[in-house]
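Quick caveat, the model's predicted, so the values are computed rather than measured. First listed ligand is number 1; within each ligand, the first listed atom is number 1.
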Amino acid sequence: MKNRLNKLPSQVQKILKAASLAAAKLDCSIYLVGGVVRDLLLRRSVFDFDIVVEGQAIAVVKVLAKIFKVDFSRHHAFGTATIIVGGHRIDFATARVEHYIYPGALPRVKPANLVDDLKRRDFTINAMAISLNKGDFGRLIDLYDGLSDLKKGLIRILHKESFSDDPTRILRAIRFKERFSFKFESKTGKLLKQAINTKALSLVNSHRLRDEIVLILKEPKPYRYIKRIKELEGFRFLHPKIRLKPADFLFFIRIEKELVTYRRKFRKLRINQDWLIYLAGIMLALPLKTIEKVMADFAFKKGERIIITSIKSKLKEIKKLEKCKKKSLIYKLLCPLSFEAIIFFYAYYPNKNLRKNIDFFLETLIFTKLKVKGKDLKKLSIKPSKIFGNIFEELLYKKIDKGIFSKKEELSHVERIYKRLSLKKN
Ligand code: ATP
């Protein structure tokens with residue numbers, strides 16, 4: 001494996017060599033493990049590195065942080081530490097053994113050696129290591145024939161209790177199978193179905209399930225993954241009433257297509273969370289209150305909840321864009337929405353006029369800016385209060401509908417709006 005390590009970015013190579021020296025000085029052994037080994041063997045790009053230390057991972061990282069003059073984060077309870085160098089994240093963990101007191105429970109963890117650490121892993125292709133130790137640097141350690149499974153394209157668990165110990169591996173198995181277009185090794189496939197039949201996922205802590213579903217939806221083109229989950233397990237682990245129909249899958253394909261179109265057409269748009277668009281699609285048929293509850297139960301972040309719930313709650317209102325000609329109304333409907341929600345609607349509604357209005361919003365309306373500022377309003381002896389916001393809002397809509405260009409014109413509209421609003425108030 002030395003030749004593969006030599007192809008890593010030079011900064012990473014430097015860190016691995018320094019880590020090797022630091023570990024030797026501290027009398028520890030040190031290994032690259034898991035997905036990074038798999039990806040190196042597959043000649044895929046690797047950005048994040050997992051390192052296991054037989055001994056004290058945090059002590060090794062302390063030495064590296066000093067050499068490379070970077071900060072590091074650590075988690076004493078787990079004996080883990082992370083440094084980020086040259087954009088690469090390198091996670092160090094103290095080798096550990098895991099014990100599950102009941103299926104789906106969070107594992108109890110004890111320090112151990114590399115063999116124990118590899119034993120606790122999910123699939124043979126993820127259970128390989130590369131030694132970074134002096135005299136042994138670059139040797140592949142493959143206790144479960146992971147390399148052979150990698151060549152055969154097989155997802156294989158390490159022991160028959162694997163899925164019941166940790167049912168999140170059901171979702172992980174689907175993720176790796178679809179990502180690499182692999183197959184389940186036959187026993188693994190049977191045990192996976194058995195675990196599904198015993199509703200193993202219902203025993204898992206909701207935060208862990210959330211993390212796995214997010215990872216799946218973050219894969220490039222998640223349509224295939226969603227389809228496979230529906231075929232095998234369904235989405236009852238999110239909510240028992242989620243039932244995806246063939247039309248939903250056509251919609252997921254459209255989302256994939258529109259995301260590509262949009263990224264090409266509107267390079268400046270910041271659509272960071274494609275996965276939320278798919279998640280909104282998966283939950284769309286649930287009532288709003290249920291969606292809110294699922295989002296809260298699975299502890300999705302506030303911003304994520306807002307995007308998903310806004311999609312559900314605005315679904316009907318956005319339909320107005322099919323007939324809408326008034327520019328300020330197009331603006332009013334779309335402005336409060338995230339780009340993720342806008343792409344959702346673009347993929348959801350086939351109506352030409354609606355899509356034209358969305359294009360117009362993104363190409364033009366979104367860039368409308370007022371020339372008049374707060375200080376200009378003060379100069380007109382308008383006192384800063386709630387009325388400021390109301391004036392700016394009305395002025396913006398006027399500007400959009402009537403095409404007001406100069407600051408002078410804007411100011412004359414301000415005076416008119418202000419008079420009207422103050423009369424209304426009195
Ligand atoms: P990716 O390429 O998606 O990052 P990865 O294999 O690196 O995939 P991670 O979730 O980062 O996956 O986990 C790193 C390694 O930790 C895995 O390769 C596997 O060895 C181990 N691992 C992660 N989750 C589990 C689990 N639930 N059960 C057993 N081993 C796991």
Write out each pair where an N or O from ligand 1 and one from the protein are under 3.5 Å apart, with the distance.
{"from": "ligand 1", "atom 1": "2 (O)", "to": "R38", "atom 2": "NH2", "distance (Å)": "2.9"}
{"from": "ligand 1", "atom 1": "2 (O)", "to": "R179", "atom 2": "NH1", "distance (Å)": "2.9"}
{"from": "ligand 1", "atom 1": "3 (O)", "to": "R175", "atom 2": "NH1", "distance (Å)": "2.8"}
{"from": "ligand 1", "atom 1": "3 (O)", "to": "R179", "atom 2": "NH2", "distance (Å)": "2.6"}
{"from": "ligand 1", "atom 1": "6 (O)", "to": "R38", "atom 2": "NH1", "distance (Å)": "2.8"}
{"from": "ligand 1", "atom 1": "10 (O)", "to": "R172", "atom 2": "NH1", "distance (Å)": "3.1"}
{"from": "ligand 1", "atom 1": "10 (O)", "to": "R172", "atom 2": "NH2", "distance (Å)": "3.4"}
{"from": "ligand 1", "atom 1": "12 (O)", "to": "R172", "atom 2": "NH2", "distance (Å)": "3.3"}
{"from": "ligand 1", "atom 1": "16 (O)", "to": "R121", "atom 2": "NH1", "distance (Å)": "3.3"}
{"from": "ligand 1", "atom 1": "18 (O)", "to": "G35", "atom 2": "N", "distance (Å)": "3.0"}
{"from": "ligand 1", "atom 1": "20 (O)", "to": "R121", "atom 2": "NH1", "distance (Å)": "2.9"}
{"from": "ligand 1", "atom 1": "20 (O)", "to": "N126", "atom 2": "O", "distance (Å)": "2.9"}
{"from": "ligand 1", "atom 1": "24 (N)", "to": "R172", "atom 2": "NE", "distance (Å)": "3.4"}
{"from": "ligand 1", "atom 1": "24 (N)", "to": "R172", "atom 2": "NH1", "distance (Å)": "3.4"}
{"from": "ligand 1", "atom 1": "24 (N)", "to": "R172", "atom 2": "NH2", "distance (Å)": "3.4"}
{"from": "ligand 1", "atom 1": "27 (N)", "to": "D166", "atom 2": "OD2", "distance (Å)": "2.8"}
{"from": "ligand 1", "atom 1": "28 (N)", "to": "R169", "atom 2": "NE", "distance (Å)": "2.9"}
{"from": "ligand 1", "atom 1": "28 (N)", "to": "R169", "atom 2": "NH2", "distance (Å)": "3.2"}
{"from": "ligand 1", "atom 1": "30 (N)", "to": "D122", "atom 2": "N", "distance (Å)": "3.1"}

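- Distance alone, capped at 3.5 Å, is enough to place a donor-acceptor pair between the N353 side chain and the E322 backbone.
- No cation-pi contact links R169 to F123, judged by a cut-off of 6.0 Å to the six-membered ring centre and 45° from its axis.
- Within the structure, the side-chain hydrogen bond (donor to acceptor under 3.5 Å, both in side chains) test picks out the following pairs touching residues 82-93 (sequence neighbours left out): T82-D91, R89-D91.
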Do N126 and R38 pass the side-chain hydrogen bond (donor to acceptor under 3.5 Å, both in side chains) test, and can you show the C-alpha distance, the side-chain angles, and the key distance before you say yes or no?
-> CA-CA 6 Å; N126 288 345; R38 176 200 68 216; 2.7 Å; yes
Only distances under 3.5 Å count here; give the side-chain donor-acceptor pairs of residues 11-23 to other protein atoms, sequence neighbours excluded, each with its distance to 0.1 Å.
{"from": "Q13", "atom 1": "NE2", "to": "N6", "atom 2": "O", "distance (Å)": "2.6"}
{"from": "Q13", "atom 1": "NE2", "to": "L8", "atom 2": "O", "distance (Å)": "2.8"}
{"from": "S20", "atom 1": "OG", "to": "L132", "atom 2": "O", "distance (Å)": "2.6"}

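- Annotation: side-chain hydrogen bond (donor to acceptor under 3.5 Å, both in side chains) contacts involving residues 323-338, sequence neighbours excluded, comprise S328-D401.
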